Amino acid sequence: MLVKYLSYEEIEERTRQVLKTYGYESTLPIPIERLIDNILQINVVPFPNLFKGFEINAFTSSDLKTIYIDEYLYTNLEPQYRFTLAHEFGHITLHRYLYEQVKIRGLEDWRRFMGEVDEKEYRKLEIQANNFAGLLLVPQVFLDQQFVLQIRSLGKNFKRAEIQKLRRDDYLELT
Amino acid sequence: MNPKSLFGDYFKAKRIANGLTLREFCKKFGLDPGNISKLERGLFPPPTSSKKLESYASFLGLKKGTNDWVEFFDRAAACRGEIPEDVLKDPEIVKNLPVIFRTIRGKKVSAKLLAELVEMIKKT
């Protein structure tokens, strides 16, 4: 299994395409669950004890039609759930070629594949899917806007603090 | 169309037409998402109790006496004999196996745990 190199910029471009295709360019928060379940009609299936028993948060079925997700995460941990969905969607979007390449025809093929997987290549896949998830849920354009707003508001606070001779702990609370 | 998903596909299409994700739908009506997901994927047969079917139909916004209502019940009846058990057969399991997953510690899952995982997938 050889994982194709994808730069951060290439992954960002892929997330931009997704947001554009589904009309989420100016939507926050990105409705990731709706996109996967209702629009792409990929099954999102809660899997009891997936994490407790196997230390796995989620996985995508080899036919790319189902995302299995730890039931506790699904029910109780919304932010992590959203990120995990986006991460799996990252695998579906970026690594489709791999699912096609692997061609698992039976349980034996699958067991063999699992035994032969190269850890380093696996890590690359995970990093790419994590980058995809982050860039999809927090698009750069929104992050830049928020960053500028925060810096401006902090700048005002710094000025007030300077004039009023406030201590650091006090001016961080200024709004 | 796969006869096993005759009811599940219809159920899912109606839920989606109402603009609800599986999680939202189940939360709204106090249902178990694992079971409803199995129903939608054709792994559970439609309920035999007409009371339960009626409540599902109303949750999906179907109105008594409409064509949609009739179709919902027709599909349930047609589908009931097609799903003898809630366990996947081997060729179907293969489609549901993971290709990419890592444990939280970044280690490979042992052969024993993989076998257990397959058993769990059959039932989930």
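Since this is a predicted model, take the numbers as computed values, not measurements. Letters go in sequence order (proteins before strands), and every chain restarts at 1.
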More than 12 heavy atoms of other groups within 6.0 Å of [X] [atom1]:
X: F147(A); atom1: CZ; answer: no
X: N67(B); atom1: CG; answer: no
X: F142(A); atom1: CZ; answer: yes

Would you kindly confirm whether [X] and [Y] end up in one hydrophobic cluster when ILVMFWY residues are joined by side chain heavy atoms under 4.5 Å apart?
X: I16(B); Y: L31(B); result: no
X: F89(A); Y: Y8(A); result: yes
X: L77(A); Y: I69(A); result: yes
X: L94(A); Y: Y5(A); result: no
X: L135(A); Y: I127(A); result: no

| Any residue of residues 48-65 of chain B which, by heavy atoms, sits under 4.5 Å from chain A |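 Hits under 4.5 Å: none found.
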
Proximal component of [X], with respect to chain A [non-hydrogen, under 4.5 Å]:
X: E24(B); result: side chain
X: I36(B); result: neither
X: K12(B); result: side chain

| remark: Greatest number of non-hydrogen atom pairs under 4.5 angstrom with chain A, of L20(B), L117(B), D32(B), falls to L117(B)

| request: Return the minimal non-hydrogen interatomic distance between V45(A) and S37(B), and the atom names on each side. | output: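 Where V45(A) meets S37(B) most closely, the heavy atoms are CG2-OG, 3.3 Å.
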
| For R41(B) and Y68(A), which heavy atoms make the closest approach, and how far apart are they? | NH1-OH, 3.7 Å

| Contacting region of T60(A) [heavy-atom separation from chain B under 4.5 Å] | backbone

| message | Report which part of P48(A) has an atom under 4.5 Å of a heavy atom belonging to chain B: side chain, backbone, both, or neither. | response |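 Contact with chain B: backbone and side chain both.
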
| task | Could you tell me the separation between the CD1 atom of I36(A) and the CG atom of L22(B), rounded to the nearest 0.5 Å? | result | 13.0 Å

| Roughly how far apart are F47(A) CZ and M120(B) CE, rounded to 0.5 Å? | 4.5 Å

| Counting a contact as any heavy-atom pair under 4.5 Å apart, which residues of residues 37-44 of chain A contact chain B? |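 Contacts with chain B: D37(A), N38(A), Q41(A), I42(A), N43(A), V44(A).
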
| request: Between chain B and each of E33(A), E71(A), H91(A), K65(A), count heavy-atom pairs under 4.5 Å; write down the option with the most. | output: E33(A)

